[in-house]
Each structure stands twice: as structure tokens, then as C-alpha cells.
Protein chains: 2
Amino acid sequence: MAESGASGGAVSISEVAEQAGVSVATVSRVMNGQGVVKPATRDKVLAAVEALGYRMNHLARNLRTAESRMLLTMVPDVGNPFYAEIVRGIDSVARQQGYFVLLCDTGADPGRERSYFDLLRTRRADGAICLDPDTVQHALAEEMNGVPWVACCEFDPDVAVPYVGIDNRAAAADAVRHLIAQGHTRIALINTDARYLYARQREAGMRDALAEAGLTLPAAWHVTVDSLDFDAGAEAARQLISRDEAPTAIFAVSDTLAIGVIRGLREARLAVPRDVAVMGFDDIAMAAQIDPPLTTIAQPMRELGETAARLLLQRLAQPQLAVPGVLLPHRLVKRGTA
Amino acid sequence: MAESGASGGAVSISEVAEQAGVSVATVSRVMNGQGVVKPATRDKVLAAVEALGYRMNHLARNLRTAESRMLLTMVPDVGNPFYAEIVRGIDSVARQQGYFVLLCDTGADPGRERSYFDLLRTRRADGAICLDPDTVQHALAEEMNGVPWVACCEFDPDVAVPYVGIDNRAAAADAVRHLIAQGHTRIALINTDARYLYARQREAGMRDALAEAGLTLPAAWHVTVDSLDFDAGAEAARQLISRDEAPTAIFAVSDTLAIGVIRGLREARLAVPRDVAVMGFDDIAMAAQIDPPLTTIAQPMRELGETAARLLLQRLAQPQLAVPGVLLPHRLVKRGTA
DNA sequence: ACGCAATATGTAATCGATTACATTGACTGG
DNA sequence: CCAGTCAATGTAATCGATTACATATTGCGT
């Protein structure tokens, strides 16, 4: 019953054809279920396939059909749980459509990103989803002209590329408004570097909310980190509480940073939220686990990924069709830190 | 200076040859730096490449050379930070050797795993690294015969496949010995289902340490969860503390579980480590962030990934050579929870 | 200036599939 | 019984590279 002779594994369509006593065309038709073949012939072919343990060589097929059925996904950091969940979304719709996902960690490095993008031009991937900073996208936009890709989370409105994301500015404003509603007036911001669209937009949103309440963001309460990991958050917290006039609330642009902030505060014997309130962004799974649980803005991560994949697939199907950008809703999740 | 005409992007080697006034063989030689070509000719070709914006079609090349330069990596859960770090290790050595990594989330599902493995037989990947449960590996071992793959973390000694991992039994024993050294005698275990090699080995290691101290593991203190996420840990903790005689220490086979346990305990108003000590396993980044920081066993995640990739590459280079299994050292990390 | 070796380049087969077109055979109606 | 249809299958070109082998060019010694 099981395959037998397939020792090396290199069984080709012509060997199947020979074994079945038909032509390669017929085998191909059977394999793809296209064209008409007599049931008896089909059975002969199937029997030969089984007997030889034949598996189609997709390289050959892809060469002929000029597609690889691979989707490239570029993320700045696979270790960040925020991206992991988006990737899941991408993967689920891709697989459903018969595509595989090639996941690449670019480290937000344009050089690496370029080398990955090359997979598209060398036909090893059919399309790409890019989650890298919009500034990186912008830098590469010219060379990426003509290859099918979509932007996810980060996008450059000046680049005519389909995108999906959230309204970061409004979301950040919501976050800060919540802090203000709790009576805070001395609110600090921990932001990533301005290469990221979200960093700029969230800062703008914060300033919107601050302005509404007649508040401002002094430079002393504005710290910029160059990584999203826990330690960066802890270090930023340390800086903030050493200021002459320390803030009573901290808005961090990512949950990982916020969690680091809480540790930093704890190490300085400051209680959250009693001494300092903390607000994160993303709502990664970990946010609910820590003590106290993190108040944050939830992004629809899974949907972001799914939508990005759908946009890309649509693009591949109808290259000429202009695909619009889409913004998904966010949600304020009130928990224990603010 | 920049590429010009490359509108569609489908420039082939023959067009370059024509533009440069040479044959395709010469272009190929220039592209691959093989064989000898006169510098003047090389320049002509390079100029043509530049002018046309030529990018080699790797599908064609791979068909001819019968390799895809892709490495398949199968993990049960990309969202688990433990795997994320291993993947980083794999990626770094793969890229260094000119390979791309195709990362796949199997959900530990044999069906999905099989479909991914198919990428190998259909020549879309040259080799695979499998992190799925050893039982899943075992089930597929027969069909995977002949395809080059290696096992990482999970492996089946009965399957003649190269592997890399740690000595889970010894590591778990170390963990439990530490608990015992702290004076604990009522120690509970939260384990995953026995499909995983590490689950069985760590339980054995725990029993070793217990036996050394003349202790046992009553069924009431042994809970099995079917997922590694935070909630599973919290739920398990809830169960344990509701027992007639509650344990004073809990050993969870993964940090994510342990972090969930701590939340569960906190929600039940139990203090860690005063009321209950907690010990995790893996030492993911998050372990140091929570309050109190998690005592755990550190696995060399990055090295695990790097070693797995090296093993695979070695296997691809010399298929006949028998590659040994390798075990990497673990380390007890004493922090605040035990 | 000649012949021979070494160097440089071209020709064409090949990898394993898909697919337009050609061919074969069976069946139909008149 | 024949022409015409339609269904089933085969033939061969094709995708875009690599590469063994053939051929052309060059340089060198004498």
C-alpha cells in the first residue's frame, strides 16, 4: 500500500508517465484535476503515482507558472509577542489560500530588508507584507516599485501601497485622556525613535489629549528609547523618576516597555498605580499576567494580520485594482495600572 | 544610473545576453563568478545587468541545481517566546550560510506538520528543523525517511535523526533539589501532556530529586495542562491551592505556565514566595520582569537554535555522515520566587 | 610565420513541470 | 457508409537558469 521504490525520492513526472503507460501531459492533467481524462486512465496514473511515491517538484511547476505560492512577511522583531500574533493572523489566511509564509526578522535594518525583498524579484516569493518602520519602507519604496506588497501597522501615506493599521493618534489620545480623567496632570511619555510612524502618531495623539486639558509635555518627561525590550522600559522609568519634578503617570508606546517600566518602578520602591500610574499599548497576552495587570490600548492584532494577508492576496489576484488603506478599531482596556 | 526599462520586472538572462552581445553562458558565468571571463566582457555584462535591472530567477536556477536554499523550521507555537529565541539562533546561522528560513507554526498538529514536511519532498525546502513533540516526530518518522531533517529540543532516540537539546531530566532534578534545599517538602508539579519528551523527562527528573530526599509526588499535587499559555498556569494554580493539603512549592515545566501560576496565586491572595514558592523552566526574557522575578532553569535557547541549524547544514553537505545528538548545558537561575 | 597550449566564449542539452495544438478514435446523423 | 463532432490523449515548445562540451581566439616559443 505504501510507497515502495522511492529510495532517493527523485521521481519525476515522466517516470510516472512511463509507469502508467501514458504521456506526461496526462499525468499533469490528473495531478491538477484539469482537462478531461477517462476514469480508467486516471486510475492508472494514480496507481503509478502511489507505486512510485511520486511528489511533484514545485520548483519546476513554479518556474513554468511563474509563481511560488510563498508570501514574505517582514517583521522588525519576531521575538516581540505583538508581531507574533499578527503573524498568526497572516498565516491563517495564507494557508487557507494555499500559500506558505516566509517569515523574516529584519531587525528594522534596511539592508536586511532589501535582501529579503529580493526574494520577490528573484521569484521565490509572490508578494510581501512589511511591518517595518515607515521610514524604512519609504527609503526602499522606489526600488520596490512594481513588486506586490502591502504595509501592515506601519505605512507611508506618500507611498501608493495598500496598508492596514489603526488610528494611532486617536488611540494614544484615548489613552492619555484616560490618565487625565484619573486626575493626572504630570504625564510622561516613553517613545521609540521617530523612525516609526506609530511613534510619531502616538506622540501627536498624546499632545492632542494634553492640549485639550491645557497640559503640555515638558522635555524632561519625554524619553526616547531605541529598543522595545523590557530593559529599555526599566531604564527609561529610572530616568523619569530621577527628575526634579517627577511625573505621576507614564504612557509607554508599547506593552513591553510598560512592563519594563513597572519593574523599574518596583526596583525603586515605587508602587503602581499608587505612586505612578502606567499605561501601555498593544495589549499583548502578558499584559494581563503581571501584577498589577496592565492598563493598555488593545490593537486587533490577529485581524491586522488577516487583513494584511487578504489585501495582499487581492493585490496578487488583481494587480491593477487600487486597494485602499484600511484602519481597524482600537480599544481601551482598563486594568490595574491606571 | 538606476535601472530603467525594468517595467514588468521580467528580465531574463537571455535578454541580458542579447543586450551585452554575449551568450547566456557568459552571463551565467559572470553572475556566479565561476569560470573565466575577460574583464572587458564582464563589464559589458554587468552594464547590461544594470541597464535592464536584471535579477536572476531563482526558481529556474534552483530547478537546475536541485536545491532551494530554504530551511524549513517547524515550531508548535510561534507566539511562545521560548521558540522565538531559538528561531533567532537558527536564522542567524542560516542566513550566514546563504539560506532563508521558512518558519511554520504547526500547533503540534501532525496533519499540519505533514503538510509542511511536504515542502521538502516537493523541493521547496532543502531541509527541516523540527521542534514538535517527539511523539509527533515518531508518528511521521517513517514517511520522513530519506528527507534531511534534524530535531531540536524534542527528539526520539529511536529515530535515527540528529538532534540537539538539553538534559531535561537532570535539569528538572536540579530545579526540584533547589526547592527541597529551601526546606520544601510539599512540592507540586504542573506538567504538559505526555506527548512531549520534555514533559516526561522533567517529571522523571522531579521524581529523582524527590526520591533522593525521601519524598513523593501524590496525585493531588500533579496537574496536567494542555496548553502552555498563562491562563493554563493560573487555572492549574487554582486547582492546587484548593486541595485539602495544599503544596508549599510549585514546579511548572515552563515559564509561561509559572507566570500564570503566580497570577493565579495572587488572585487567591497568596504571596509568592512566602506562601507558595514557584519554579519555572526556560528563562524567557519575561521571567526577570515580573514581581517577584521568576526563579527558573535557563535553557541556552539561542545556542539550541544555532546548533540545530549547523547540524542540518552539515547534514545537507554530507548526507551520509552520521551526525550525533548533542546536549547543551542548562543553568539554575535563582531569583525571587523560590 | 607556424603550431600548440591556454584562455575565452558559444552551443545546446538539461532540470521537471504546464499547456497550446495536433492527433486519434468513437460516435452521431443523414 | 461517410463526414463531422467531440472526447481523450499525445507531441513538443516553453519557463530561465546551469554546465559539459565544442569552438574560437589569443599568446607564446622557436
Side-chain angles (χ1 to χ4, degrees), chain A residues 6 8-46 48-49 52-69 98 118-126, chain B residues 6 8-46 48-49 52-69 98 118-126:
Chain A
V11 183
S12 76
I13 195 173
S14 52
E15 303 179 54
V16 175
E18 190 176 8
Q19 164 99 7
V22 300
S23 74
V24 294
T26 300
V27 176
S28 176
R29 280 187 277 257
V30 171
M31 295 303 289
N32 299 302
Q34 289 175 354
V36 272
V37 311
K38 216 188 319 195
T41 315
R42 171 184 310 274
D43 291 346
K44 273 195 303 182
V45 171
L46 259 20
V49 166
L52 268 40
Y54 168 69
R55 318 274 25 234
M56 185 173 51
N57 182 327
H58 275 253
L59 286 179
R61 180 224 278 257
N62 293 342
L63 170 59
R64 188 55 229 253
T65 60
E67 64 171 18
S68 60
R69 300 239 122 205
D118 232 41
L119 288 169
L120 291 190
R121 273 201 292 249
T122 57
R123 313 280 149 171
R124 298 157 83 178
D126 292 338
Chain B
V11 183
S12 76
I13 195 173
S14 52
E15 302 179 54
V16 174
E18 188 177 11
Q19 164 98 7
V22 299
S23 74
V24 293
T26 300
V27 177
S28 176
R29 280 186 277 259
V30 170
M31 296 304 289
N32 299 302
Q34 289 176 352
V36 272
V37 310
K38 218 193 307 201
T41 315
R42 171 184 311 273
D43 291 346
K44 272 194 305 186
V45 171
L46 259 20
V49 166
L52 267 41
Y54 168 68
R55 318 273 29 233
M56 184 171 53
N57 181 329
H58 275 253
L59 284 180
R61 180 224 277 260
N62 294 342
L63 171 59
R64 189 55 228 252
T65 60
E67 63 171 18
S68 60
R69 298 240 122 206
D118 231 41
L119 287 169
L120 290 190
R121 273 202 291 252
T122 55
R123 314 279 150 170
R124 298 156 86 178
D126 293 338

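Below, chain A is the first sequence line, B the second, and so on; all start at residue 1. As the structure is a prediction and not an experimental result, all values here were calculated from the model.
Among the heavy atoms of the strands, none lies under 4.0 Å from B:Asn62.
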Donor-acceptor pairs are to be reported for all side-chain atoms of residues 34-46 of chain B against protein atoms at under 3.5 Å, with residues two or more places apart or in another chain.
none

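Applying the salt bridge (charged side-chain N to carboxylate O under 4.0 Å, His left out) test to A:Asp118 and every residue at least two apart in sequence or in another chain returns A:Arg121, B:Arg55.
From B:Thr122, atom OG1 reaches atom CG of A:Leu59 across 8.0 Å, with rounding to the nearest 0.5 Å.
A side-chain donor-acceptor contact under 3.5 Å links B:Arg124 to the backbone of A:Ser68.
A:Gln19 has its side chain out of reach of A:Tyr54: every pair of non-hydrogen atoms, C-beta onward, lies at least 4.5 Å apart. Two residues are said to be in side-chain contact when any heavy atoms from C-beta on lie closer than 4.5 Å; B:Asn62 and B:Arg123 fail this criterion. Side chains of B:Arg29 and B:Val22 form no contact here, defined as non-hydrogen atoms less than 4.5 Å apart. The closest side-chain heavy-atom distance from A:Val27 to A:Met31 is below 4.5 Å.
Heavy-atom minimum distance, B:Ala20 versus B:Ala48: CB-CB, 3.8 Å. Looking at every heavy atom in both residues, A:Val49 comes nearest to A:Val16 through CG2-CG1, 3.8 Å. Of all heavy-atom pairs spanning A:Ala17 and A:Val24, the tightest one is CB-N, 3.7 Å. Between B:Arg61 and B:Asn32 the shortest heavy-atom distance is NH2-OD1, 3.3 Å.
Whole-Å rounding puts the B:His58 NE2 to D:dA17 C1' distance at 10 Å.
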Polar pairs (N or O, both sides) under 3.5 Å between protein and nucleotides 4-6 of chain C?
none

Would you tabulate the pairs of protein nitrogen or oxygen atoms and nucleotide nitrogen or oxygen atoms of nucleotides 6-11 of chain D closer than 3.5 angstrom?
| residue | atom | partner | partner atom | Å |
| --- | --- | --- | --- | --- |
| D:dT9 | OP1 | A:Thr41 | OG1 | 2.2 |
| D:dT9 | OP2 | A:Lys38 | N | 2.7 |
| D:dT9 | OP2 | A:Thr41 | OG1 | 3.4 |
| D:dG10 | OP2 | A:Ser23 | N | 2.7 |
| D:dG10 | OP2 | A:Ser23 | OG | 3.0 |
| D:dG10 | OP2 | A:Thr26 | OG1 | 2.8 |
| D:dG10 | N7 | A:Arg29 | NH2 | 2.9 |
| D:dG10 | O6 | A:Arg29 | NH1 | 3.4 |

Output a table of nitrogen or oxygen pairs between the protein and nucleotides 14-16 of chain D separated by less than 3.5 Å.
| residue | atom | partner | partner atom | Å |
| --- | --- | --- | --- | --- |
| D:dT14 | O2 | A:Arg64 | NH1 | 2.6 |
| D:dG16 | N2 | B:Ala60 | O | 3.4 |

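Phosphate proximity of C:dT19 to A:Gln34: present, with a side-chain N or O under 4.0 Å from OP1 or OP2. In terms of phosphate contacts, B:Ser28 brings no side-chain nitrogen or oxygen within less than 4.0 Å of OP1 or OP2 of D:dA17.
Axis orientation changes by 50° from one end of the helix from C:dA1-D:dT30 to C:dG30-D:dC1 to the other, with each end axis drawn from 5 pairs and the value rounded to 10°.
The number of heavy atoms from other shown groups lying within 6.0 Å of CD (B:Glu18) does not exceed 12.
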